[in-house]
Amino acid sequence: MPRIMQETSKRHLYKGKTIGFVPTMGALHSGHLSLVKRAKSENDIVVVSIFVNPLQFGPGEDFEKYPRDVEKDMEKLRDVDADILFVPENKNLCPEGFATHFIIEGISDRLCGAFRPGHFSGVATVVCKLFNIVRPVRAYFGQKDFQQTVVIGRMVEDLNMDIEVVTCPTVRESDGLAMSSRNVYLRGEERTAATVLYKAISLSREMIEAGVSGPEEVKARLNEALRSERLVSEIQYAGVYDPKTLLDLNEFKRYNLVAGAIRIGGTRLIDNVLVEAVKARQ
Ligand code: PAF
């Protein structure tokens with residue numbers, strides 16, 4: 001229950017303890033566990049939440065089939081010594097009459113937001129609620145959901161929330177595929193084909209680091225590499241973006257976000273890397 005969690009946090013805060021928070025939707029993998037480990041190293045108490053947030057799924061998306069296995073998640077959290085697991089029910093977190101929604105303008109509508117209208121509003125609304133319940137000093141998110149970290153960072157800054165948003169490196173399978181709870185949807189040869197995203201993004205990174213002339217050339221090569229995989233059924237976006245505004249870049253900045261979202265069959269995959277442009281051109 002949110003009330004019990006809130007009271008528990010209050011007691012810890014009263015004793016002067018720092019709370020680190022890892023919000024998740026469950027189906028935990030090593031990426032989530034790396035966030036918990038980082039949070040453990042920086043805070044007295046680590047709270048993990050599991051809540052498959054209906055507000056961030058659009059019509060026709062995978063809310064119903066999103067993988068859920070709280071028992072297994074609990075075992076994994078025990079192994080990494082998480083202190084508190086908070087698993088609110090929808091009826092308690094978003095009860096009848098719930099009517100408040102955040103809009104984070106601009107950045108929410110770009111990249112993934114252009115293909116998932118309302119998604120980041122749903123994320124921000126629920127994350128704000130969770131922050132108010134858990135009252136962390138630091139909250140941990142994976143870089144794979146780069147846009148999510150930008151949106152949450154904006155919300156925290158705009159609303160003067162006293163919380164440090166910590167972005168942790170993407171954890172990958174041995175062949176480079178970014179870990180995601182949705183990877184279980186990939187079937188047979190789709191799993192191998194899925195590596196095309198990281199391979200193509202890595203190629204872009206190499207081009208930037210080697211001193212290629214500009215983002216356009218990188219974008220063209222990135223899209224070509226993605227199109228070369230026959231199981232890619234859609235390229236939603238793939239390019240070089242400003243990591244703060246998420247707008248397309250016409251020329252390199254010091255830090256450049258190479259990001260893409262594709263579908264392999266019915267499975268949507270996202271990935272990104274941040275690349276520092278070669279010193280000579282800055
Ligand atoms: O990244 C996720 O798993 C979700 O978007 C989050 C942050 C838990 C909000 O529902």
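In each ligand, atom 1 is the first atom listed, and ligand 1 is the first ligand listed. Fair warning: this is a prediction, and the values are worked out from it, not measured in the lab.
Nearest protein heavy-atom contact of atom 10 (O) of ligand 1 is Gln56 OE1, 2.6 Å. In terms of protein heavy atoms, atom 5 (O) of ligand 1 is closest to Gln148 OE1, 2.6 Å. From the protein, the heavy atom lying nearest to atom 3 (O) of ligand 1 is Met25 CG, 3.5 Å.
Looking at ligand 1, you won't find any N or O of Thr24 less than 3.5 Å from one of its N or O atoms.
The shortest non-hydrogen separation linking Asn92 to Pro2 is CB-CD, 3.7 Å.
Open room surrounds CD on Glu251; 12 or fewer heavy atoms of other groups in view lie less than 6.0 Å from it.
A cation-pi contact, defined as under 6.0 Å to the ring centre and within 45° of the axis, links Arg172 to Tyr198.
In this view, Arg263 and Glu234 satisfy the side chain to side chain donor-acceptor pair (under 3.5 Å) rule, not counting sequence neighbours.
The ring pair (Phe, Tyr, Trp, His ring centres under 6.0 Å) analysis of residues 37-62, with sequence neighbours excluded, yields the pairs Phe57-Phe63, Phe57-Tyr66.
For ligand 1, the atoms closer than 4.0 angstrom to any heavy atom of Val126 are 9 (C), 10 (O).
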